[in-house]
Amino acid sequence: MRKFAVSIFAALVLAGCWMVPSLAQQQQDGSALTPPPAYMAPPKGTPPVEDTPAQREALAKLKAKAEERTEAERKAHNELVTPAYNFRYGPKNPYTPGNIQVQGEGFIQPGAFPTAEYCGTCHQEAYSQWRQALHSNAFRTPFYRTSVNLLIRDKTRGISFARHCDSCHNPIGVLGGALTEDSKLDRAKFDSDGLTCMTCHSVTKVNSTNGNAGVEMGVPAVMVDENGNRIPGMVSFEQILRHPERHSKAVMHDFLHTPEFCAACHKANLPDTLNDYKFIRAFTAYDEWQQSKFSQRNPLTFYTADFTTCQGCHMKRNPVSLPEYGAKNGTFASHRWLAGNTAVPFYYGFDQQLQKTIDFLRSGNYLNVDIFALKKASDDKLIAPLGRVSYNLAPSDVVEAYVVVQNKNIGHSLIPEVRDLYEAWTEFTVKDSSGKEIYHSGFLKPDGMLDPRAHSFTNRPVTDEGEFVDNHKVWTIHSVAYDNTVQAGRSVLVRYQFRLPADISGAVTVTAKVNYRHLRQSYLNNIFGKDDHPAYPIVEIASRTRVLQIGENQPEAVDPADNPDWMRWNNLGIALLDQFQYAESVAAFTEVIKLRHDYVDGYTNVGLTEIVWEKYGSARTAIRKALTLDPNNARALYYDGLLQRRAGNTAQEISDFNKVVEQFPQSRDARRELGITYYQQKNEHAALEQFEALQAIDPDDLTAHYNLSILYRRMGRAKEAAEQQAMFVDKKVDPGAPTYSLNYLRIHPEISTESIPWHMHSDLLSDEGGTEHGK
Amino acid sequence: MANEKPLHAGFLRFVGSLAFGLCLIGMPAKAHAANNCPWLNEATASGFLGGDATGAFTAADGQPSVCTFTNRDAGATRVLQITVEIAAEPHALLTTAARACGADIAPIGAIGNEAMMCSLTERKGELGERVVGRVRNQVFTIVFSSTLKDDPILTRDALRVRGYTAAEQVAGNLF
């Protein structure tokens, strides 16, 4: 009996020791990496090494063993995780509200992903950059954790809802089944690495451009065999270096170079499975790029540029300084993904990443700031373009300054993502000759908060109670009280009003800057506590200063950094168009034509403004002139199509839109209008073709959903019709939502003018005691 | 013989109880019961302690909340204890907590609002690591200890790395 008990005891002790989890190493840079194995890249054009039959057999055995081991580990992992997992959205949707998927059955064990340190052995440059980049820190930062923890702690939601966020911020955790109340996973093995190498490099398919991690993850593999079959898990460096082409085939899919791949996570929506309300678009840098001049997919942009992808700006090739076997000609695509996040490198002390981020933001001629015009209260005449015309200023003059901020070379909006957290704003100062401030807008208060009356390129999402969602509780968002972004290629006019002192003389210095910080002070206060954190970096992205003289001012020499005069007028016209000031916009575009008689877009700009202004007669004249200059101009043809529809010239309308689609097959606007034309002509199959093409370009287009639901139903495709109808209803803006915005704006008069496109920033008081807005 | 049956039954009950107890102590992560420690799960604690650990969480109003994870190996007992206290003067409380470290305390970056780490002085042949830090007004202390002076799993270097990683986990959940 005693022997029996001892046996049981021994067996249980042994059982207690049978799993000894290891710990993910915390490495802040590449210094802890193993030195790379010796390797000399073969000369370019060298054919791959031929394996002997014995080597092929050995590799086949290795593959069979790797598959067997991976499968066994996955089975064991699922036996551990599945019983306790919260399948809130049903067993078929384990990762909802995220869109991520994984190949094979069930959850995938975190250990299936080769570590960053393994990859970093041969890719030390990539590793050291990645370690400081946003992708590796996508999960662990306080800025993210604070936000996702609110969702996890929410009384009616919980950790399963966080799959929506973590699908992009911590995909290994999501796919491993860690996001459940009683998690069985060792989080230290993956939390600190966020998007590790083998998350992006294991994706085998981009499922859609719907975002929210719309990809399919393959079982991670760093090698394929001679037939292209993936070998799961890690293999020896010797194997990889013998067949780098097979390594490349496993980890370097062509789609990694495309904007559609970035769209997987740089496009997000808030689905009803998260907010229990309805679909709300959160952000979509991808669509903004697609609509920009850099995609060359949109004929309607105001300017043109060379084709540039996301990677073209954010993964530029740089000379390598560390061992990097992926380098070509001594250069390697940056794995820093430089963009706008200064907070993460600041918090972690990644000085190199921080400096490079600041340099990036200041480089590239991304923004143009133009102090374009002055207008005196005593005179309706616009003094413009400033620096090119003569004018007089006198003491006591009340002056209005027109500052035009052009989103010149960003491939997306300013600010592209979560503009409730990131803050860009215009700072405008007027100083006398002694440096004394006459007017200042966009200052920081002593507590670090931005002047509430500043012009900021932010938004204000609000709850159904009309309260500002200050802490990024995105699932509570029901409306947006204002959204002051500047889309790619467009401009905004910011108006400032000030009074010159009665005793002023000499020079008056006027400066306009666009500043940027990551993050808003009140969000930093939410994270760290008020007065409990250092000031985070503020980056001046662009600025312009002009010196005005009291008395007479003469034209100045042109600053080579300034836009040419025609472009300055053009940007004003664009800004005025976006502010619904159509007469002034047409006047500005007309000035462009005066300076460039042969500029086709000048006439088109006049025409398109008059179309939205419903002045179809003069619009026709302008568009006709544009087409006389360039009969195949897609932009002019598009607007001509709209005018031909108005005139009832259907054949010409169809011809115009078809010509646009031929030149720009991914033009969502041309596809939409052509679909409508065919629909109106009862050419249902042709209409269907256009709306399906439109939906392939933009899966959220409401016109496509609406018309496809009708067309499918007429064609007897009831199931597809119902799906389209449901998506239309879900994605259509809630007509009651503006009420929530109005509640917010009513109780925040200091900021409410930001919701009015045409507003003035002024500290002058009217006779009634209010500011002299809108004069 | 008449007395043998109850004795036998009692022995079996003892074995059953022993087995159950050992299961709780030494059971692999696969079969851990739900642990409600809000800052760290048992699987992660097991990783830190180098073997399966069982956790206990106590929370009381006005008192620090404590999670204790214990790993019992053949010749060693390794403990990871996390204490969290909400303080009106969190920085002052952190300073007090840091005093337990003595002179070898070193600040560690990018953990919470602020954090420090030190090696525990050897007491009764024990070895350990302490991290004190805070997230806003929540002051946390993490203590790793082992009954082995030369623990092959919780070596000095391993303790430093695990202390940092544990602090990142705890602070991350406190944000």
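In what follows, every chain begins at residue 1, and chains take the letters A, B, ... in the order their sequences are listed.
Only the backbone of B/Leu174 comes within contact range of chain A, judged by heavy atoms closer than 4.5 Å. The parts of B/Asn173 that come within reach of chain A are both its backbone and its side chain, each placing non-hydrogen atoms under 4.5 angstrom from that chain. Proximity to chain B is limited to the backbone of A/Leu185, based on heavy atoms less than 4.5 angstrom apart.
Remark: A/Arg140 engages B/Glu168 in a salt bridge, criterion side-chain N to carboxylate O under 4.0 Å. Electrostatic pairing of A/Lys184 and A/Asp182 counts as a salt bridge here, judged by a charged N lying under 4.0 Å from a carboxylate O.
Interface remark: of the candidates A/Ile152, A/Asn526, A/Thr146, A/Val81, A/Thr146 forms the most heavy-atom pairs closer than 4.5 Å to chain B.
Side-chain contact check for A/Asp191 and B/Gln169: at least one donor-acceptor pair (N or O, by modelled atom type) lies under 3.5 Å. Counting only N and O atoms by type, the side chains of A/His533 and B/Asn113 include no donor and acceptor under 3.5 Å apart.
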